[in-house]
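Quick notes on the structure that follows.
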Amino acid sequence: MSAYIIRGARLLGGEAADILVRNASIAEVGPGLDGAGAEVVDARGLVALPGLVDLHTHLREPGREDAETVESGTKAAAMGGFTAVHAMANTDPVADTAGVVEQVWRLGREAGYCDVQPVGAVTRAIAGAQLAELGAMADSAAQVRVFSDDGHCVSDAVIMRRALEYVKAFGGVVAQHAQEPRLTEGAQMNEGEMSAALGLAGWPAVAEEAIIARDVLLAQHVGSRLHVCHVSTAGSVEIIRWAKSKGCPVTAEVTPHHLLLTDGEAGSYDPIFKVNPPLRTADDVTALRHALADGTIDCVATDHAPHPVEAKETEWAVAAMGMIGLETALPVVQEAMVETGLLDWAGVADRMSSRPAQIGRLSGQGRPLEAGSPANITLYDPSPRRAVDPSALTSKSRNTPFAGLELPGRVVATFLRGKPTVLEGKLQ
């Protein structure tokens, strides 16, 4: 029988207490626990959070193992404090059948660093023309409940309506990549003063907002769950806020990079800052932060998008879009939300663990740190500050936009059902 006694952790940043872990569960929480025979983990000064859950991770396997694998990606996730990730469907082959989602699910179980919940494609080959095998993926061993063509928008309103109707039968959710394709042909960065100055084709905010407006109305009409991926504009926030006020079953996520970076970063012409949706203005960043704080945006999702070196070290126009983010997510959220007073650590736990677990229907994740809960625990030291070193990251790829940026905090330990995947900041 494995047992750990976590000594003196600040539960959700509050009072210090001990956490006794036996086998896969939290056995007891409180000050001065006995813990006889248990291995001691000194957590004095550390914040204890329920294991983080990411709704939006690209693990690239199958097909692009040069950028990431399920094993390397889940190692990076564990180092970032995550105990569960949702693996997006735009692999090669696309995860649009029961066979592919079960393959990804089994690879996650074999790796053992965090739970891997596959996301199924909405349409076959994410081509937007025909619905994928939604029911078969839902009934598979992977028990898929989140469906997304991420990287592509389900732009056909009839297909989107049918998808929403289909997943309603088994409590699924359609996670939309909101991008009207005809408004973003050739787009390179946010449309505005910076794109005009740099001579790069602009990506208008309305391309995102128009799809969200359409889809919240469809979701309300059907009575089915809609989740909006990587919200990036102030206008999108207002549409989602309105939809929630009308009782529409919509949830939304924001990425760490959209909480911290602006389109001004593109002034360097460094493709490390090229991402979909693009980095927006400072006003958009402010709106996103306040929307996350007030609950209009439900959660933080990394949109961890690894790419090999050659896909980024090229001219801007042909560079791949995307950034890695699993290992820097919690420090960025601390910088953008905690240090600014917009969220406390209980709020961070809600936005990065409990809410994404609820949206993804992961019953064993995002649970409170109390007796009887699965022992999915993240121990985090918020005090140190250090520059991000890409070479020190665990992911196979190095395309972080935070290279050289000083960020607070570090994950000290991660427990997955009572088993340490990270201890003393090192992968186990």
Side-chain angles (χ1 to χ4, degrees), residues 53 55-56 86 119 122 128 131 134 145-150 153-181 183-184 204-255 258-259 277 280-281 283-301 303 337 342-343 347 350-352 354-362 366:
V53 176
L55 271 174
H56 196 143
H86 289 72
V119 173
V122 177
L131 287 183
L134 308 184
R145 289 297 179 269
V146 182
F147 298 87
S148 180
D149 279 2
D150 184 61
C153 178
V154 182
S155 58
D156 187 310
V158 174
I159 295 289
M160 187 63 181
R161 175 182 175 171
R162 289 174 180 165
L164 288 165
E165 289 171 336
Y166 203 116
V167 303
K168 182 181 178 181
F170 47 79
V173 60
V174 178
Q176 175 68 293
H177 174 113
Q179 177 192 348
E180 169 51 62
L183 290 175
T184 56
V206 71
E208 174 175 306
E209 296 156 7
I211 294 294
I212 296 174
R214 182 202 73 179
D215 286 353
V216 295
L217 293 174
L218 285 173
Q220 187 174 42
H221 177 72
V222 173
S224 185
R225 294 197 302 143
L226 168 72
H227 180 73
V228 184
C229 295
H230 41 49
V231 174
S232 71
T233 79
S236 295
V237 166
E238 290 308 310
I239 295 166
I240 294 165
R241 183 174 286 125
W242 173 86
K244 288 191 170 189
S245 76
K246 299 299 182 181
C248 180
V250 59
T251 54
E253 69 189 35
V254 64
T255 72
H258 284 111
L259 289 172
R280 304 287 189 180
T281 68
D283 287 342
D284 290 312
V285 170
T286 298
L288 294 170
R289 290 183 180 185
H290 285 280
L292 183 64
D294 68 24
T296 300
I297 293 177
D298 298 83
C299 62
V300 175
D303 194 7
M337 302 300 296
L342 292 170
L343 282 181
D350 179 70
R351 307 306 195 274
M352 296 189 74
S354 60
R355 288 211 205 184
Q358 291 164 13
I359 294 167
R361 296 292 196 258
L362 299 184

I want to check something: taking the side chain as every heavy atom from C-beta on, are [X] and [Y] in contact at a cut-off of under 4.5 Å?
{"X": "Leu292", "Y": "Leu342", "value": "no"}
{"X": "Lys244", "Y": "Asp298", "value": "yes"}
{"X": "His227", "Y": "Leu55", "value": "yes"}
{"X": "Arg161", "Y": "His221", "value": "yes"}
{"X": "Val216", "Y": "Lys246", "value": "no"}
{"X": "Met160", "Y": "Asp215", "value": "yes"}

For [X] and [Y], indicate whether the former's side chain and the latter's backbone hold a donor-acceptor pair under 3.5 Å.
{"X": "Arg289", "Y": "Leu259", "result": "yes"}
{"X": "Arg225", "Y": "Gly171", "result": "yes"}
{"X": "Arg361", "Y": "Val146", "result": "no"}

Discussion item. Side chain to side chain contact (heavy atoms under 4.5 Å, CB included), that's the test. Do Val250 and Gln176 meet it? Break it down for me.
Written reply: CA-CA 11 Å; Val250 59; Gln176 175 68 293; over 6 Å; no
Practice prompt. With side chain to side chain contact (heavy atoms under 4.5 Å, CB included) as the test, would you mind laying out the steps for Asp149 and His177 before giving the verdict?
Written response: CA-CA 7 Å; Asp149 279 2; His177 174 113; over 6 Å; no
Worksheet item: Just one of Ile240, Leu226, Val237, Leu217 clears the side chain to side chain contact (heavy atoms under 4.5 Å, CB included) bar with Ile212, so which one?
Response: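 With Ile212 as partner, side chain to side chain contact (heavy atoms under 4.5 Å, CB included) holds for just one option, Ile240.
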Discussion item. Run Asp150 and His230 through side chain to side chain contact (heavy atoms under 4.5 Å, CB included) and show every step you take.
Written reply: CA-CA 10 Å; Asp150 184 61; His230 41 49; 3.1 Å; yes
Look up atom [atom1] in [X] and atom [atom2] in [Y], then write down how far apart they are to the nearest 0.5 Å.
{"X": "Tyr166", "Y": "Leu131", "atom1": "OH", "atom2": "CG", "result": "8.0 Å"}
{"X": "Cys248", "Y": "Trp242", "atom1": "SG", "atom2": "CH2", "result": "7.5 Å"}
{"X": "Ile211", "Y": "Gln179", "atom1": "CD1", "atom2": "CD", "result": "9.0 Å"}

Worksheet item: Taking everything shown except Arg162 itself, do over 12 heavy atoms lie less than 6.0 Å from its CZ?
Response: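 No, because the 6.0 Å sphere around CZ of Arg162 holds 12 heavy atoms or fewer from other groups.
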Worksheet item: When you check the side-chain N and O atoms of Thr281 and Asp284, is any donor under 3.5 Å from an acceptor?
Response: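 Looking only at side-chain atoms, Asp284 and Thr281 do form a donor-acceptor pair, the distance falling under 3.5 Å.
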Discussion item. Under a 3.5 Å cutoff, is there a donor and acceptor pairing between the side chains of Asp294 and Thr296?
Written reply: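 There is such a pair (donor and acceptor under 3.5 Å, judged by atom type) between the side chains of Asp294 and Thr296.
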Worksheet item: Which heavy-atom pair separates Cys299 from Ile359 by the least distance, and what is that distance?
Response: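 Looking at all heavy atoms of both residues, the closest pair is SG-CD1, 4.1 Å.
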Item to complete: Check Arg280 against Thr233 and note the closest heavy-atom contact, atom names and distance.
Response: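 Looking at all heavy atoms of both residues, the closest pair is NE-CG2, 3.5 Å.
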